[in-house]
Amino acid sequence: GAGVSQSPSNKVTEKGKDVELRCDPISGHTALYWYRQRLGQGLEFLIYFQGNSAPDKSGLPSDRFSAERTGESVSTLTIQRTQQEDSAVYLCASRIRTGNNSPLHFGNGTRLTVT
Amino acid sequence: AQSVTQLDSHVSVSEGTPVLLRCNYSSSYSPSLFWYVQHPNKGLQLLLKYTSAATLVKGINGFEAEFKKSETSFHLTKPSAHMSDAAEYFCVVSERSGGSYIPTFGRGTSLIVHP
């Protein structure tokens, strides 16, 4: 497929459990972003990867959140000891190159529900 | 630092009448600006982008936006609304901050189209 792929599409987990969300960016896209969208709200930046550079983690809300990306391939977002306030749609986007004028291409997101 | 304000959380129009979704931005340098649309239970789709070329930008589905530097605005318009335009619309500003290019999203405007 040509688009950004995210899995799972839906995830229900119990409070306190760890979850791992996956993002496959568009091939050749060097930049990858994770955003969080709470119900009825805008997108909240979490973390940004650019090639092999150190990621920009300035948006991560707590140390329970972490993400990895190897080179320009798959990224995983991990949330440890999930809380109910973590319930949201987690969106991944990739960009063909760094710079501010290339658009983001979004996946369909992972809807996380913490019970 | 960059920020974006969408002045209306909801806009309601009748089918066939004009659409205006307002967006003001704050940016330290020359930003790139985007509008994205999110239909219910679907991913975010790029409508149009401004990257310092023509100030009037045409996008998909008959939408257009005008960059007005003096007013720091990038309002989205469409001459005639269609029922299929009902969706959430996000205004986005992107500029370099430190070594990162992190697009910042507005809170979104919900467009409601009445028959």
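Just so it is clear: chains get the letters A, B, ... in the order the sequence lines come, proteins before strands, and each one is counted from 1. Nothing here was measured: the structure is a model prediction, and the numbers come from that model.
- The same ILVMFWY cluster, assembled from side-chain heavy atoms under 4.5 Å apart, contains both B/F67 and B/V4.
- Residues A/Y48 and B/I102 come closest through the heavy atom pair CD2-CG1, 4.3 Å.
- Here the two rings, on A/Y35 and B/F105, have centers that are under 6.0 Å apart.
- Note that the CZ atom of A/R95 and the OG atom of B/S94 stand 4.0 Å from one another [nearest 0.5 Å].
- Between A/L43 and B/F90, the closest side-chain pair of non-hydrogen atoms falls below 4.5 Å.
- Counting all heavy atoms, side chain and backbone alike, B/K49 lies closest to A/S102 at NZ-CA, 4.4 Å.
- In this structure, B/I60 is a member of the same hydrophobic cluster as B/V113, with clusters built from ILVMFWY side-chain heavy atoms closer than 4.5 Å.
- Using a 4.5 Å cut-off between heavy atoms, A/Q37 contacts chain B through its side chain alone, with no backbone atom that close.
- Within 6.0 Å of CD on A/E68 lie no more than 12 heavy atoms contributed by other residues, nucleotides or ligands.
- Atoms CG and NE2, from B/L44 and A/H105 in turn, are 12.5 Å apart once rounded to the nearest 0.5 Å.
- Using a 4.5 Å cut-off between side-chain heavy atoms of Ile, Leu, Val, Met, Phe, Trp and Tyr, with links allowed through other members, B/M83 and B/V13 fall into the same hydrophobic cluster.
- Within 6.0 Å of the CD atom in A/E14, the count of heavy atoms belonging to other residues, nucleotides or ligands does not exceed 12.
- With hydrophobic clusters built from ILVMFWY side chains whose heavy atoms lie under 4.5 angstrom apart, A/F106 does not share a cluster with A/L112.
- By the 6.0 Å contact criterion, CG on B/L56 is enclosed, its count of non-hydrogen atoms from other residues, nucleotides or ligands being greater than 12.
- Under the 4.5 Å side-chain criterion, counting only non-hydrogen atoms from C-beta, B/P103 is in contact with A/Y33.
- B/Q45 places none of its side-chain heavy atoms less than 4.5 Å from the side chain of A/P103.
- One N or O on the side chain of B/Y36 and one on the backbone of A/L104 form a donor-acceptor pair closer than 3.5 Å.
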